[in-house]
Amino acid sequence: MKRTLEEHAARFDEQADSYDDGNSSEYRACANLVIEHADPDDGDTVLDLGTGTGAIALALAPAAGRVIGRDISEGMRERARQKAADRGLENTEFGEGRFREPNLPDADVDVVVSNFALHHLSDAEKREAIETIAGLDPARFVLGDVMFFGAPDPDEPFYSPEVDDPATVGTLVDAFTDVGFALTAVERVHDQVGVLVAERVPTGTTGEGGQ
């Protein structure tokens, strides 16, 4: 991580009121794909990590049983709460939490989502975060983020090198498969932006007809 959590939180606190107006077309495309692939049932609990102002969480709330949003920025969380109240959504809850310490209430998590947040962590920290998420035993984890499908053009970086630390797609896939997920979809939005869908591999699967 190129900045401390406190520095990241302060930066996003400052951006909270205008954050929704400044998102790129790639960000919006990514968000739409995350929402589409998350596809919760009405009894599912969804955990949105790095929820920001709640764009993903609030879009999934009408279809889900419960949506828990976690973010390090109080400014972002407060904006998400305001938006939920404005829409009359009563099955959402926004609180402090992070990838490696989601600070969850007693609840089984069925679907985990995240959009444009994990890339702030180093590759080693990303792996720790994915291990933490795997420990929650969700059926599905949908990640939209800045990620490299090839060598990034140093003259046109999609990310901010001074604060961001994106991984290659291969690095992320390895982190998922090493903790028991199978990649069921890879959506390329941009050479440096994509969506990965990881689903839990059922225990006892042998590839030999269950024998």
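Just so you know, these numbers use all the heavy atoms, side chains as well, and skip hydrogens, waters and symmetry mates. Just so it is clear, the structure is predicted and the values come from calculations on it, not from any experiment.
Rounding to the nearest 0.5 angstrom, the gap separating the CD atom in Glu199 from the CZ atom in Phe176 is 11.5 Å. Note that CD of Glu187 is 9.5 Å distant from SG of Cys30, once rounded to the nearest 0.5 Å.
Look at Asp123 and Lys126 and you find a salt bridge, because one of the NZ, NE, NH1 or NH2 atoms lies within 4.0 Å of a carboxylate O, short of that distance. Residues Arg70 and Glu93 are paired through a salt bridge, judged by an N-O separation under 4.0 Å between the basic side chain and the carboxylate. At a threshold of 4.0 Å, the pair Arg81-Glu74 counts as salt-bridged, since one of the basic side-chain nitrogens sits closer than that to a carboxylate oxygen.
Using a 4.5 Å heavy-atom threshold, the side chains of Asp164 and Val146 count as separate. Within the 4.5 Å cutoff, the side chain of Val111 has no heavy atoms near those of the Leu47 side chain. Considering only heavy atoms from C-beta on, Val113 comes within 4.5 Å of Leu60 through its side chain. In this structure, the side chains of Ile133 and Pro138 come closer than 4.5 Å at one or more pairs of heavy atoms. The shortest side-chain heavy-atom distance between Pro105 and Ile68 falls under the 4.5 Å cut-off. Residues Met147 and Val193 are not in side-chain contact: their nearest non-hydrogen atoms beyond the backbone lie 4.5 Å or more apart. Considering only heavy atoms from C-beta on, Thr92 stays 4.5 Å or farther from Arg66 through its side chain. Looking only at side-chain heavy atoms (C-beta outward), Gln192 and Phe149 stay at 4.5 Å or farther from each other.
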Practice prompt. Mind running side chain to side chain contact (heavy atoms under 4.5 Å, CB included) on Asp145 and Asn115 for me, showing each step along the way?
Written response: CA-CA 6 Å; Asp145 208 357; Asn115 195 50; over 6 Å; no

Discussion item. If you apply the rule side chain to side chain contact (heavy atoms under 4.5 Å, CB included), what do you find for Arg98 with Leu49, and how did you get there?
Written reply: CA-CA 7 Å; Arg98 56 206 68 176; Leu49 290 168; over 6 Å; no

Item to complete: Let me see the working for Val112 and Arg140 under side chain to side chain contact (heavy atoms under 4.5 Å, CB included), right down to the final yes or no.
Response: CA-CA 6 Å; Val112 177; Arg140 186 180 311 115; over 6 Å; no

Practice prompt. Determine, step by step, whether Val179 and Ile130 satisfy the side chain to side chain contact (heavy atoms under 4.5 Å, CB included) criterion, reporting the C-alpha distance in whole Å, the side-chain angles of both residues, the deciding distance to 0.1 Å, and the verdict.
Written response: CA-CA 8 Å; Val179 293; Ile130 291 169; 3.8 Å; yes

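A donor-acceptor pair is defined here as one N or O able to donate and one able to accept, closer than 3.5 Å; such a pair exists between the side chain of Lys83 and the backbone of Thr53. The backbone N or O of His119 sits nowhere less than 3.5 Å from a side-chain atom of Asp165 that would complete a donor-acceptor pair. Between the side chain of Asn103 and the backbone N or O of Glu96 there is at least one donor-acceptor pair closer than 3.5 Å. A side-chain donor-acceptor contact under 3.5 Å links Arg200 to the backbone of Ala134. Side-chain N or O atoms of Glu125 include one that pairs as donor or acceptor with a backbone N or O of Ser122 at under 3.5 Å. In this structure, the side chain of Asp108 does not engage the main chain of Thr45 through any donor-acceptor pair within 3.5 Å. Although no hydrogens or angles enter the test, the distance criterion places a donor-acceptor pair under 3.5 Å between the side chain of Arg77 and the main chain of Asp71. Proximity of a side-chain donor or acceptor of Asn32 to a complementary backbone N or O of Ala29 within less than 3.5 Å is not detected.
Considering Thr132, Leu118, Ile72 as possible partners of Phe99, the one that fulfils the side chain to side chain contact (heavy atoms under 4.5 Å, CB included) test is Leu118. Each of Val67, Thr51, Asp48 was compared with Phe94 under the side chain to side chain contact (heavy atoms under 4.5 Å, CB included) criterion, and only Thr51 meets it.
A single hydrophobic cluster is seen to contain both Phe116 and Ile35, as judged by linkage of ILVMFWY side chains at heavy-atom distances under 4.5 Å, directly or through other members. A continuous path of Ile, Leu, Val, Met, Phe, Trp and Tyr side chains, each step under 4.5 Å between heavy atoms, connects Tyr27 with Val142, placing both in one hydrophobic cluster.
Taking both residues in full, the closest heavy atoms of Gly144 and Val195 are given as CA-CG2, 4.0 Å, listed atom of the first, atom of the second, then distance. The two residues Val46 and Ala64 come nearest to each other via the heavy atoms CG2-CB, 3.9 Å. Taking every heavy atom of both residues into account, Leu89 and Pro62 meet most closely at CD2-CG, 4.3 Å. In terms of heavy atoms, Gly52 sits closest to Ala80 at O-CB, 3.9 Å. Closest approach of Asp191 and Arg188 over heavy atoms only: OD1-NH2, 2.6 Å.
By the neighbour-count criterion of 12 heavy atoms within 6.0 Å, atom CG of Asp42 is sparsely surrounded, having that number or fewer from other residues, nucleotides or ligands.
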